[in-house]
Amino acid sequence: MYHRFVAAQVRKAFAEITAGNWEAMVQGMAPTFTYRFYGDHALSGERHTHEALRRWWERAFRLLPNTRFTVDDILVSGWPWNTRVATAVTVDVGLADGTRYENVVNQFIRMSWGKITEVRTLEDTAVLQAALDRLAAAGYPEAHAEPITG
């Protein structure tokens with residue numbers, strides 16, 4: 001029962017982000033957390049503060065507005081004090097240059113008592129980098145900015 005509840009909450013969180021409400025996700029973070037997006041690009045890096053995570057979401061939505069997240073799979077294990085969640089999520093967005101960006105995002109999440117303590121995000125960074133390169137060429141220099149950390 002608990003695992004079903006967590007999976008439903010994760011689906012709801014991705015639906016909220018798709019609707020543009022990423023702040024709900026920020027509020028779901030524990031006071032102490034790690035949010036890591038692997039790679040070497042404008043959306044990569046590691047964040048530990050709510051403010052840095054907000055700045056990251058703002059950048060993500062400037063570069064990839066109206067992103068649609070479709071949850072393909074969720075696996076939940078553990079108990080409320082040490083919950084582990086693995087997701088496979090398809091991301092799809094029309095870019096400013098008229099092309100589409102589609103990728104599969106895999107996230108590994110740790111939670112404790114309903115708050116997220118760790119997120120590790122992996123996706124095909126070659127596909128993401130190509131999309132960011134197209135955006136930079138179309139006049140969006142932030143697509144090649146240094147990662148937001150903190």
Side-chain angles (χ1 to χ4, degrees), residues 1-30 33-39 41-78 83-136 138-140 142-145 147-150:
M1 186 66 136
Y2 171 69
H3 294 168
R4 282 192 195 143
F5 174 77
V6 171
Q9 291 301 105
V10 170
R11 286 183 192 282
K12 181 180 176 188
F14 277 106
E16 286 287 326
I17 295 167
T18 295
N21 180 17
W22 46 262
E23 181 62 32
M25 187 270 178
V26 173
Q27 293 301 313
M29 304 304 286
F33 67 88
T34 299
Y35 189 102
R36 177 180 291 162
F37 194 121
Y38 290 96
H41 49 76
L43 296 177
S44 68
E46 186 171 297
R47 286 147 293 282
H48 300 279
T49 68
H50 292 86
E51 181 55 35
L53 189 55
R54 280 187 188 94
R55 290 193 336 262
W56 183 87
W57 277 110
E58 289 166 352
R59 173 181 285 175
F61 270 77
R62 280 192 301 273
L63 293 172
L64 306 169
N66 304 311
T67 299
R68 190 175 80 231
F69 295 93
T70 303
V71 178
D72 301 315
D73 201 6
I74 300 175
L75 302 172
V76 180
S77 70
T83 306
R84 290 166 302 177
V85 180
T87 66
V89 178
T90 299
V91 58
D92 181 48
V93 61
L95 299 179
D97 69 351
T99 63
R100 294 208 71 74
Y101 170 67
E102 187 174 332
N103 211 337
V104 175
V105 176
N106 294 285
Q107 284 193 321
F108 299 93
I109 303 165
R110 284 194 176 273
M111 299 173 64
S112 180
W113 300 111
K115 291 292 191 177
I116 299 168
T117 59
E118 181 182 23
V119 177
R120 290 178 285 147
T121 303
L122 302 129
E123 65 182 272
D124 187 331
T125 56
V127 174
L128 177 55
Q129 187 64 60
L132 293 171
D133 290 346
R134 290 193 309 272
L135 285 171
Y140 293 85
E142 190 173 26
H144 281 169
I148 295 169
T149 60

Subject >> For Glu46, all residues meeting side chain to side chain donor-acceptor pair (under 3.5 Å), sequence neighbours excluded >> reply: Arg36, His48
**OP:** Go through Phe108 and Arg84 one step at a time and tell me if the side-chain contact (heavy atoms from CB on, under 4.5 Å) criterion holds.
**Re:** CA-CA 7 Å; Phe108 299 93; Arg84 290 166 302 177; over 6 Å; no
**OP:** To the nearest 0.5 Å, tell me how far Leu122 CG sits from Arg120 CZ.
**Re:** 7.5 Å
**OP:** Please identify each residue that fulfils side-chain contact (heavy atoms from CB on, under 4.5 Å) with Thr83, with sequence neighbours left out.
**Re:** Tyr2, Val6, Val76, Val85, Met111
**OP:** Can you sort out the partners of Phe33 under ring pair (Phe, Tyr, Trp, His ring centres under 6.0 Å), two or more places apart, ordered by chain and number?
**Re:** His50
Subject >> side chain to side chain donor-acceptor pair (under 3.5 Å) partners for Gln107, two or more places apart >> reply: Thr121
Original post:
Counting N and O atoms only, with roles assigned by atom type, does the side chain of Arg59 sit under 3.5 Å from a partner on the main chain of Ala42, one being a donor and the other an acceptor?
Top reply: yes
Original post:
Roughly how far, to the nearest 0.5 Å, is the OH atom of Tyr35 from the OG1 atom of Thr49?
Top reply: 13.5 Å
Original post:
Atom CG of Asp97 and atom OG1 of Thr99: how far apart are they, to the nearest 0.5 Å?
Top reply: 3.5 Å
Original post:
How long is the span from the CG atom in Asp73 to the OG1 atom in Thr87, to the nearest 0.5 Å?
Top reply: 9.0 Å
**OP:** Taking side chain to side chain donor-acceptor pair (under 3.5 Å) as the test, write out the residues that go with Asp124, two or more places apart.
**Re:** none
Original post:
In chain order, what residues pass the salt bridge (Lys or Arg N to Asp or Glu O under 4.0 Å) check against Arg100, with sequence neighbours excluded?
Top reply: Asp92
Original post:
Which pair of heavy atoms, one from His41 and one from Ser44, lies closest together, and at what distance?
Top reply: O-OG, 2.7 Å
**OP:** Kindly compute the distance separating CD1 (Ile148) from CH2 (Trp57), expressed to the nearest 0.5 Å.
**Re:** 12.0 Å
Subject >> Pair listing, salt bridge (Lys or Arg N to Asp or Glu O under 4.0 Å) test, anchored in residues 10-26, at least two apart >> reply: Glu23-Arg54
Subject >> Side-chain donor or acceptor of Asp72 paired with backbone N/O of Thr90 under 3.5 Å >> reply: yes
Subject >> Residues forming a salt bridge (Lys or Arg N to Asp or Glu O under 4.0 Å) with Arg62, sequence neighbours excluded >> reply: Glu142
**OP:** Apply side chain to side chain donor-acceptor pair (under 3.5 Å) to Thr149 and list each qualifying residue two or more places apart in sequence or on a separate chain.
**Re:** none
Subject >> Those residues that, when tested against Glu123, pass salt bridge (Lys or Arg N to Asp or Glu O under 4.0 Å) (two or more places apart) >> reply: none
**OP:** Using a cut-off of 6.0 Å, state whether more than 12 heavy atoms not belonging to Phe5 lie near its atom CZ.
**Re:** no
**OP:** Calculate, to the nearest 0.5 Å, the distance between atoms OG1 and CD1 belonging to Thr34 and Ile116 respectively.
**Re:** 12.5 Å
Subject >> Shortest non-hydrogen contact from Ala143 toward Ala136 >> reply: CB-N, 3.8 Å
Original post:
By side-chain contact (heavy atoms from CB on, under 4.5 Å), which residues pair with Ser112, not counting sequence neighbours?
Top reply: Thr117
**OP:** Mind running side-chain contact (heavy atoms from CB on, under 4.5 Å) on Phe14 and Val91 for me, showing each step along the way?
**Re:** CA-CA 10 Å; Phe14 277 106; Val91 58; over 6 Å; no
Original post:
side-chain contact (heavy atoms from CB on, under 4.5 Å) between Leu53 and Met25: does it pass, once the steps are laid out?
Top reply: CA-CA 10 Å; Leu53 189 55; Met25 187 270 178; 4.1 Å; yes
Original post:
Donor-acceptor pair, Thr18 side chain versus Phe69 backbone, under 3.5 Å?
Top reply: yes
**OP:** Please list, chain by chain and in numerical order, all residues satisfying side-chain contact (heavy atoms from CB on, under 4.5 Å) with Ala96, sequence neighbours excluded.
**Re:** Leu135, Tyr140
Original post:
Side-chain contact, heavy-atom cut-off 4.5 Å: Val89 with Val104?
Top reply: no
**OP:** Compare all side-chain heavy atoms of Phe37 with those of Leu128 and state whether any distance is below 4.5 angstrom.
**Re:** yes
Subject >> Whether His3 side chain and Gly78 backbone form a donor-acceptor pair below 3.5 Å >> reply: yes
